[in-house]
Amino acid sequence: MIILGLLIFIAIFAPLIAPYDPTQLLKTETRRDPPCIHLFGCPKEEAQHLFGIDGNSRDLFSRVLFGSRLSLQVGLVTMGFAILIGTIIGAFAAYAGGTIDNILMRIMDVVMAFPSLLLAITIVSVLGTGLINALLAIGIVSIPRFARLVRSTVLSVKELEYVQASRALGGSSMHILFKRILPNAITPLIVQGTLGIATAILDAAALSFLGLGAEPPRPEWGLMLGEEKNSIFSAPHLVIFPGIAIMLTVLAFNLLGDGLRDALDPRLTRSRSA
Amino acid sequence: MPQFIGRRLLLLLPVLLGVVLVTFVIVRLIPGDPCVTMLGERATPAKCEVFLERYGLNDSIFVQFGRYLVNMTKGDFGESIRFTRPVSDLIAERLPLTMELTLLAMLFSTVVGVGLGVISALRRNSFIDTLTMIIANVGVSMPVFWLGLLLAYVFALVLKDTIFVLPPSGRFTAGASLQDLSVYWGMTDLTGFKRFAVEFMSNTTLINCIITGDWHMFWDSLKHLILPAVAVGTIPMSIIARMTRSSLLEVLGLDYIRTARAKGLIEKKVIGKHAFRNALIPIVTIIGIETGSLLSGAVLTETVFALPGLGTAMVGAILARDYPVVQGFTLVIALIFVLVNLLVDLSYAYLDPRIRLD
């Protein structure tokens, strides 16, 4: 939570914290200088660059800070999309039942038969490279997880007495679905969604690393790694810092997801106290 | 058991057909004229006519799908636009490396992951347990390609004067080359599946070296695969370690384990024979699911370590809009993933007799 809070703080206040514009070319600076940190003996007359300067003469610290905005957006947008579409498909399949359920779930099975990142890569190849298309691709491959989750929740509660009662009282299908059934799916959706954000951030970084996602000069962590991968032996700090940023962000969402699951799943709470 | 296998294979058919359909449809969804999209600036009306004719794009979509299915059963995945070579040749050339990398990574992730998980569960709340869980949590959050770069930096540069030095890129040391097995076995004029199989084995470096007895080359090749395999295997290793720990802890709390201990069995037998076998099902499931992550990881890691596998070829094909290659490679990887999950399903039956009787 602390890492995540810090991350959100950085994302919101990036323009105030960052010493430079993330896309600004610093023509006066030497390329790939080691980081100039005044505290560690870098002469005061030289401009301070905490994470050094990248291959295109931009301040890496500012780029990493601004990258947090993009990564959080990526995670939230893709998971928001996947949860929305997944919920619609899952709820519709479970509610309609029969052939429609069968067809929709077989489609989900087929999508899940592909390793998700590879399917995302293939979708990007069709849609064309770019951040929006990459997000769409990651969103699409994440849909089945949520569709299955919602479907199983709806199936497990749709025949319960309180739902029957609501139906007997003359509640419309939509009312029953949204007000009586779907609230049961919110807890597992939040847990899965939080863990999904971590995966989405990793996948988006991977697509950008391969040159299929965000395009230069966008300050995207995966893209920064892709641009600087050949500097690993000459200027490792250019690779280390964006990677740490990705790792910490993903770690924060993974820990949050695990924590939420432990806190919200009554079975786990019981087994812990037993 | 044969009935169980038969039923699983039958269930697999619709999924396989769906996978083929998706890879077929996805390429047809490309907006605009396929000729202009694929040939780019080289597209002239005359060239487009030849192109559409050659790739059968003038026929109706159903005819195209039928032909695609029939050709596929013969191992024909079409022709690469960029290289004007059959995609199956490219698969025979590129797939072996990706498979070697994936298998080595799977070996690493399973051995280390299960090992760490077992130690962690047996020494619950100890320093080792805490350390293992920290490693698992951090490991699962690391981007594969970043870990690959860091490993290359540490083992190729920082440790370069020690015995731990490992090569940062390439398939084997520059100048070295593999023997062609068809020449080694004196087989000429090979065609069809036989040619594919021999070429595939020729390009599977480790197998090739074992067959030809070239142990120097074997070690050289293995050294080049260690860092990529560790990079690819770290995320699955972390997940397997966590799963092994929780699964074993759950089983260790059950009554039959207490009975086993009460009747005086030695601890090694209680853990190895009674607890571990029952804890294996969720672990095997995770290994199956993680094959997807291993295959995706292999694609990313090949880029970092400049390895000529499916991944680097696929990225190249995407950027060059060589769709038959993208289509063929996606299909092959999805098929491997589906088949590994079938093996996982079958292993359940071996591990838990109740499943067989279901």
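Within every chain, numbering begins at 1; the chains are lettered A, B, ... in the order of the sequence lines, protein sequences first and strands thereafter. Predicted model, so just to flag it, every value in this text is computed and none were measured. Computed over heavy atoms, backbone and side chain alike; hydrogens, waters and symmetry mates excluded.
- Contacts between A:I244 and chain B at a heavy-atom distance below 4.5 Å involve backbone atoms as well as side-chain atoms.
- Using a 4.5 Å cut-off between heavy atoms, B:F329 does not touch chain A at all.
- Interface remark: B:V22 contributes side-chain atoms only to the contact with chain A (heavy atom separation under 4.5 Å).
- Proximity to chain B (any heavy atom under 4.5 Å) is shown, for A:I107, by neither the backbone nor the side chain.
- Neither the backbone nor the side chain of A:L248 comes within contact range of chain B; no heavy atom of the residue lies under 4.5 Å from a heavy atom of that chain.
- Of the atoms belonging to A:D258, it is side-chain heavy atoms, and not backbone ones, that fall under 4.5 Å from chain B.
- Contact record, A:K229 with B:L149: O-CD2, 3.7 Å, taken as the closest heavy-atom pair.
- Only the side chain of A:F209 comes within contact range of chain B, with heavy atoms under 4.5 Å apart.
- The parts of B:V19 that come within reach of chain A are both its backbone and its side chain, each placing non-hydrogen atoms under 4.5 angstrom from that chain.
- Closest heavy-atom contact between B:Y323 and A:S125: OH-O, 3.1 Å.
- B:I235 and A:L202 get closest at one heavy-atom pair: CD1-CD1, 4.4 Å.
- At a 4.5 Å heavy-atom cutoff, B:A317 makes no contact with chain A through either its backbone or its side chain.
- Distance check, rounded to the nearest 0.5 Å: CG of B:L17 to CZ of A:R106 gives 13.5 Å.
- Proximity to chain B (any heavy atom under 4.5 Å) is shown, for A:A198, by neither the backbone nor the side chain.
- The two atoms that bring A:A113 and B:F337 nearest to each other are O-CD2, 3.0 Å, heavy atoms only.
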